[in-house]
Amino acid sequence: MPELPEVETIKLGLQKYLIGHRIEGVDVRLPKIVQGNVKDIEGGKVIAVRRFGKGLVIDLDNDYSIAIHIKLTGQLIYRGPNLRQKVKLSKKVGGSLPNKWTHVIFKLKSQPVRQAQDKKTKVKSATQNSKATDAYLYYNDIRQFGWIRIVESSKLKDLSFFRDLGPEPPVTMSIGVQPLTLELFKKIVNSLNTAIKPLLMDQKRIGGIGNIYANDALFDAEIDPGRKAKSLSDAEIKKLYNSILKVLKIGLREEGASELSFVNALGEEGSYQNHFLVYGREGQKCKRCNGIIKKIILGGRGTYFCPNCQK
DNA sequence: TGATATGTTATCTT
DNA sequence: CAAGATAACATATC
């Protein structure tokens with residue numbers, strides 16, 4: 001599912017391709033996805049793209065921001081002049097864009113490419129300036145759970161999702177929320193009597209971890225997902241903390257897991273799904289011992305673990 | 001055909 | 001009030 005590594009992958013793509021583009025207009029095909037007034041972002045230029053947990057923010061130069069949560073099946077796909085040649089859309093996009101799952105289209109104009117002109121053509125700068133090209137950012141969402149909110153940049157913190165987001169594991173260059181240090185993690189884990197896995201996935205306590213990485217981190221740390229958080233020893237907490245950072249980093253390296261509909265900002269798949277430690281491996285052999293991976297429901301979510309080596 | 005999957009939020013129960 | 005359970009959302013896929 002789209003979790004920290006997946007959303008970070010999209011963020012990096014948008015940073016690369018979207019910054020400098022001006023929003024010409026927004027075509028909202030499914031109104032329930034968008035809240036706020038799209039007129040507020042028309043004419044605004046993209047100056048930054050940020051990520052908070054699993055949430056994305058596109059900042060404009062007119063003091064408005066676009067806050068986005070892709071939930072389970074959202075996709076943000078860029079098409080425009082910054083694209084390198086031959087980018088093949090994944091099948092998960094559902095055909096050429098826009099398609100029946102495209103609910104919002106941001107129509108953009110790229111800024112003129114100044115450095116592209118060489119010395120000889122300096123004279124042409126006037127025409128060059130008028131040569132901004134069209135670009136598009138498509139929001140696709142099969143299950144329509146995601147949301148896009150137009151909000152004044154200064155009021156982002158008022159959105160409940162951002163306001164209530166817990167500290168997140170420090171695995172990227174810059175993070176928008178408080179970093180989850182080992183000390184902080186210890187404090188959170190020690191103070192709660194809930195099962196450890198639902199705790200890892202609780203965005204209000206820890207930001208960015210979802211079902212895939214929670215399962216894999218607990219497997220890596222050899223901890224039973226159903227253990228009460230309070231019952232973990234300091235050594236186990238430390239091990240789990242390191243496992244969380246480890247699996248998230250591998251997820252980042254693999255540019256996310258293309259489970260369900262995840263694709264990056266160019267519509268390409270990630271590859272962490274080829275590296276799952278336990279996630280989705282019900283009935284298969286444990287990668288560490290002879291155990292058979294079992295699936296249970298914890299906190300209403302599918303939970304995979306090896307009863308033989310996760311204690 | 002019907003069960004399943006899932007992140008987040010809302011609502012109800014304990 | 002905290003925390004757990006459950007449902008709701010929507011739809012492709014098995």
Side-chain angles (χ1 to χ4, degrees), chain A residues 1-10 29-35 51-57 67-76 90-95 99-104 139-149 158-166 168-169 177 187-217 225-231 248 251 256-263 269-270 272-273 276 278-283 293-304:
Chain A
M1 325 302 112
E3 308 175 30
L4 189 154
E6 287 75 24
V7 180
E8 177 73 10
T9 299
I10 293 173
R29 302 177 162 206
L30 186 62
K32 69 165 181 179
I33 299 283
V34 180
Q35 287 148 54
R51 180 188 59 75
F52 301 85
K54 304 177 194 172
L56 275 171
V57 172
I68 303 169
H69 199 302
I70 65 171
K71 292 283 181 81
L72 296 174
T73 54
Q75 303 175 327
L76 283 163
S90 155
K91 274 186 191 159
K92 292 177 185 291
V93 176
N99 58 40
K100 66 166 176 171
W101 295 316
T102 305
H103 305 313
V104 183
Y139 179 75
N140 283 12
D141 197 339
I142 291 177
R143 291 185 204 169
Q144 309 170 19
F145 286 0
W147 47 254
I148 295 175
R149 287 171 196 168
D158 297 344
L159 297 182
S160 56
F161 177 82
F162 295 98
R163 177 167 36 89
D164 300 336
L165 188 62
E168 69 172 58
V177 296
K187 219 185 257 178
I188 295 168
V189 173
N190 277 327
S191 65
L192 290 159
N193 205 25
T194 173
I196 184 66
K197 178 172 174 265
L199 164 59
L200 294 183
M201 296 170 60
D202 183 346
Q203 303 302 300
K204 291 179 170 61
R205 305 205 191 275
I206 298 168
I209 304 174
N211 208 15
I212 291 174
Y213 297 95
N215 276 298
D216 276 6
R227 282 273 299 281
K228 295 284 186 208
K230 257 186 182 167
S231 76
L248 288 176
S258 287
E259 188 78 348
L260 295 184
S261 304
F262 171 75
V263 292
E269 295 179 24
Y272 184 69
Q273 65 275 16
F276 287 158
V278 266
Y279 180 80
R281 303 192 67 249
E282 183 184 15
I293 302 302
K294 212 176 149 190
K295 182 184 180 187
I296 59 168
I297 301 295
L298 251 188
R301 290 292 168 248
T303 300
Y304 304 85

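Values reported hereafter were calculated over all heavy atoms of this structure, with side chains retained and with hydrogens, waters and symmetry mates removed. Proteins get letters first, then strands, A, B, ... in listed order; numbering begins at 1 in each.
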Taking atom [atom2] of [N] as reference, at what distance in whole Å does atom [atom1] of [X] sit?
| X | N | atom1 | atom2 | result |
| --- | --- | --- | --- | --- |
| A:Ile297 | B:dA3 | CD1 | P | 15 Å |
| A:Glu6 | B:dT6 | CD | P | 13 Å |
| A:Leu56 | B:dG7 | CG | P | 16 Å |
| A:Ile209 | B:dT6 | CD1 | P | 16 Å |
| A:Ile33 | C:dA10 | CD1 | P | 9 Å |
| A:Leu199 | C:dA2 | CG | P | 16 Å |
| A:Leu72 | C:dA10 | CG | P | 13 Å |
| A:Phe145 | C:dC9 | CZ | C1' | 4 Å |

Between [N] and [X], is there an OP1 or OP2 to side-chain N/O distance shorter than 4.0 Å?
| X | N | answer |
| --- | --- | --- |
| A:Lys204 | B:dT8 | no |
| A:Lys32 | C:dC9 | no |
| A:Tyr279 | B:dT6 | yes |
| A:Lys54 | B:dT8 | yes |
| A:His69 | B:dG7 | no |

Answer whether the closest heavy-atom distance between the side chains of [X] and [Y] falls below 4.5 Å.
| X | Y | value |
| --- | --- | --- |
| A:Arg51 | A:Leu4 | yes |
| A:Ile68 | A:Val57 | no |
| A:Phe262 | A:Lys92 | no |
| A:Tyr272 | A:Pro5 | no |
| A:Gln273 | A:Tyr279 | no |

- [ ] Output all residues satisfying side chain to side chain contact (heavy atoms under 4.5 Å, CB included) with A:Ser160, sequence neighbours left out; order by chain, then residue number.
- [x] A:Arg163, A:Asp164
Open item on the list: A:Leu298: which residues meet the side chain to side chain contact (heavy atoms under 4.5 Å, CB included) condition with it, sequence neighbours left out?
Closed with: A:Ala195, A:Lys197, A:Pro198, A:Pro225, A:Ile296, A:Thr303
Polar pairs (N or O, both sides) under 3.5 Å between protein and nucleotides 3-7 of chain C?
from: C:dA3; atom 1: OP2; to: A:Arg205; atom 2: NH2; distance (Å): 3.0
from: C:dG4; atom 1: OP1; to: A:Thr194; atom 2: OG1; distance (Å): 3.3
from: C:dG4; atom 1: OP2; to: A:Thr194; atom 2: OG1; distance (Å): 3.2

Task: Touch class at under 4.0 angstrom, heavy-atom based, for A:Glu259 against every strand present - done: nothing
Open item on the list: Does A:Asp141 reach a base, just sugar-phosphate, or nothing at all? Heavy atoms under 4.0 Å.
Closed with: nothing
Open item on the list: With the criterion set at under 5.5 Å between ring centres and under 30 degrees between planes, would B:dT8 be stacked on A:Phe161?
Closed with: no
Open item on the list: Tell me every residue that passes salt bridge (Lys or Arg N to Asp or Glu O under 4.0 Å) with A:Arg227, counting only those two or more places apart in sequence or in another chain.
Closed with: A:Glu236
TODO: Could you please spell out the steps behind the side-chain contact (heavy atoms from CB on, under 4.5 Å) verdict for A:Asp141 and A:Leu30?
DONE: CA-CA 10 Å; A:Asp141 197 339; A:Leu30 186 62; over 6 Å; no
- [ ] Please answer whether the main-chain N or O of A:Val263 pairs with a side-chain N or O of A:Ser258 as donor and acceptor at a distance below 3.5 Å.
- [x] no
Open item on the list: I'd like to know if the side chain of A:Glu282 and the backbone of A:Tyr304 have a donor-acceptor N/O pair within less than 3.5 Å.
Closed with: no
TODO: With A:His69 as reference, evaluate A:Phe161, A:Phe145, A:Phe162 under the ring-ring contact (aromatic ring centres under 6.0 Å, His included) test and give the passing residue.
DONE: A:Phe161
Polar atom pairs (N or O), protein with nucleotides 12-14 of chain B, under 3.5 Å:
none

Which pairs, protein N/O on one side and nucleotides 11-14 of chain C N/O on the other, fall under 3.5 Å?
from: C:dT11; atom 1: OP1; to: A:Gln144; atom 2: NE2; distance (Å): 2.4
from: C:dT11; atom 1: O2; to: A:Arg143; atom 2: NE; distance (Å): 3.3

